[in-house]
Amino acid sequence: MILYNSASRKREEFVPNHPDIVKMYTCGPTVYHFAHIGNLRSYIMEDILEKYLRYTGYNVKRVMNITDVGHLTSDADEGEDKMLKGARREHKTVMEIAKYYTDAFFDDCRKLNIKTPDVVEPATACIDEYIKIISKLMDTGYAYFAGGNVYFDTSKLERYYIFNDFKEEDLNVGVREGVEEDTNKRNKNDFVLWFTKSKFEDQALKWDSPWGVGYPGWHIECSGISMKHLGEDLDIHCGGIDNAFPHHTNEIAQSESYLGHHWCNYWMHVLHLNTTSGKMSKSSGEFLTVSLLEQKGYDPLAYRFFCLQSHYRKSLVFSWENLDNAQGAYQKLIARIAALKPEDGTLDQAAFDELDGKFRAALDNDLNTSLAVTALYDVLKAKTNDTTRLAAIGAFDGVLGLSLLEKAAVKREELRKEQLAAGAFTIVSESGEADAEIEAKILARQDAKKAKNFAEADRIRDELRADGIEVTDIPHGAKWKRI
Ligand code: AMP
Ligand code: ZN
C-alpha cells in the first residue's frame, strides 16, 4: 500500500515496524463542544485507513486520546483552557461537559459508522505518564522552568520543523488576535509541557507535580498516551492538517528527545472541510453537526458517502447542494443494490477476485476512496451473478462503512410492502431464498389464471410440484416452498 507521508512529503510504500501489528494513533476531539462535520471528515478518513489495513490482513492497534484538559484557545499555549470556556458557557463543571461531549462525539461516530478505536484514553487519566516524560526532559536539558511553567526548549533540536519549511518570520505562532504572547518563552516556538501559572487562575482540574500544582500542556498528552499504549515506536499518526503545526511538530520534538530515537514512521493528515465562506471551526460559534444534518432530513451516511467521493489530501467544500447530490446518489446506489437477487447463483470466485483487485488498487493508491467508490459501481455493472455482486459489495462495505446491504434489505422490504399495498402480485419464498426460474413459472401461472386458462395454470403448478416446489395462493400473490 502506498501512503503519502507528510513528514517526508512523499508517497511511500507502507511497511509496518513489526510484522504482527500496525500501531496507529489518532488525535481525538477536544470535548468542549459538539464535533463539527469537518472534524468528522478527519475521523471518517482515519476510520477508512484503519479498516482498510485490517481488510488487507494487518492486525491494527489504534489508540485515540480525548482532550479534556490543557488545550488552550490558541494551539500555541496561550489563552484560556477550551474546556473551562465550555464549562462556563454551559454553567456546568469541566467534567460534566467532558462527559456530555465525549458521549455526543461517539454518538456521531456511531451514526457515521466510525469504529471506536481499540483504546480511547482521556488526557486527565494519564498525568503520571506526562510527569515521567517531563521529568526526563528536565533532567536532560530539553526543558526549562520559567515563570511557574515548564517549557520545551526548541533551540536544543537540530531540526524542529518537520512538516513544512517555514520561514522564521512567518512563525509568529500563537500570536493570534486577542491572545498575548508568553514572555517566559526563551524561543518563539517553545511550548508548555506543564502549567502552574496561567493568566486564568480558575483552572478547575489540577494535579500535584515536581514543578507545583498545575496541569499538562496539550501536546504532551498525545505523546504520553501513545507511549503508554503503543510503546516507544509508532507506525502511523493521524490528524487533521491543522494538527501538523504546532501540535504534531511538538509531539515529535518531545517524544524523540525523551526516547532518544526516531518515533513515528508515517504521518497522515486529512485536509479540511470548508464551507463556501471558509474554514469550519468550533470556536466560531455556528457550525454544522451531524444532528443538524439529521434535523434537515439527511442520512448521516450520505455525508460519509460525500466525504468518500473526494481524496483526503484535497480540501473539500461543503454546500447543501453538494450534500443533496451525495444523498441522491447514495439512495440510488441502495436502490440498485436492493434490486439484486440474494440467491442468484453461487459465488464466482474469479469475478470476485477481479472486482476485489480494482477495489484494493484504489485504496492501495494513497487511500483513493473516490476510485474505491467507482470500484463499487463496477460491481453492479460486472458480468457475473448477483450472489457474487452482493458478496463483493458486502466485503467492500466492511471498509467503506455505508451500511449498503442493511439499507438495501430495508429498501427491498419497503418495496415489497408498497407492491402489496398497491395490489401488485408478490411472490414470497418461505425460506427467504430467491430463484428467478421458479418466480418466472409462478408468474406464468398467474398470467394463465388471469386469462382464465385454468388448465395451463394447473399444468404449471403440477410441473413445479414435480420439481419439488409447492405453491400456495396468498392475498395479492403466491408463496412457495421446497417440499
Ligand atoms: P479538535 O476537537 O479541535 O481537537 O479537532 C479534532 C480533529 O478534527 C483534529 O484532528 C483536527 O485536526 C480536525 N479538524 C479540525 N477542523 C477540521 C476541518 N475543518 N476539517 C477537517 N478536520 C478538521
Ligand atoms: Zn494529538
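Residue numbers run from 1 in the order of the sequence given. Predicted model only: the values in this text are computed from it and were never measured. Ligands are counted one by one from 1 in listed order, and the atoms in each one are counted from 1 as well.
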Q.
Consider ring-ring contact (aromatic ring centres under 6.0 Å, His included). Of Y52, Y4, Y58, which one does F14 pass it with?
A. Y58
Q.
I'd like to know if the Zn ion (ligand 2) has an N/O/S atom from C27 within less than 2.8 Å of it, counting both backbone and side-chain atoms.
A. yes
**Q.** Check: F34 ring centroid to Y101 ring centroid under 6.0 Å
**A.** yes
Q: Test salt bridge (Lys or Arg N to Asp or Glu O under 4.0 Å) on K185 and D182 and set out the steps.
A: CA-CA 6 Å; K185 291 184 182 182; D182 181 347; 5.4 Å; no
Q. Given K23, which of H237, K61, H18 fulfils the side-chain contact (heavy atoms from CB on, under 4.5 Å) condition?
A. H18
Q. Is the centre of the H269 ring less than 6.0 Å from the centre of the F163 ring?
A. yes
**Q.** D190, D153, N184 screened by side chain to side chain donor-acceptor pair (under 3.5 Å) with Y144, the one that passes
**A.** D190
(Q) Please confirm whether T67 approaches ligand 1 to less than 4.0 Å, judged on its heavy atoms. (A) no
(Q) Quick check on contacts: which atoms of ligand 1 are under 4.0 angstrom from a heavy atom of G239? (A) 10 (O)
Q | Criterion side chain to side chain contact (heavy atoms under 4.5 Å, CB included) on I220 and W194, from CA distance to verdict | A | CA-CA 9 Å; I220 194 71; W194 188 266; over 6 Å; no
Q. Does C222 put an N, O or S atom under 2.8 Å from the Zn ion (ligand 2)?
A. yes
**Q.** L273, any N or O under 3.5 Å of ligand 1 N or O
**A.** yes
Q: Could you list the atoms of ligand 1 found under 4.0 angstrom from a heavy atom of S42?
A: 13 (C), 21 (C), 22 (N), 23 (C)
Q) Under 3.5 Å between some N or O of ligand 1 and some N or O of P29? A) no
Q.
To make sure I understand the geometry: which N, O or S atom in H247 is closest to the Zn ion (ligand 2)?
A. NE2
(Q) Using a 3.5 Å cut-off on N or O atoms only, is E46 in polar contact with ligand 1? (A) no
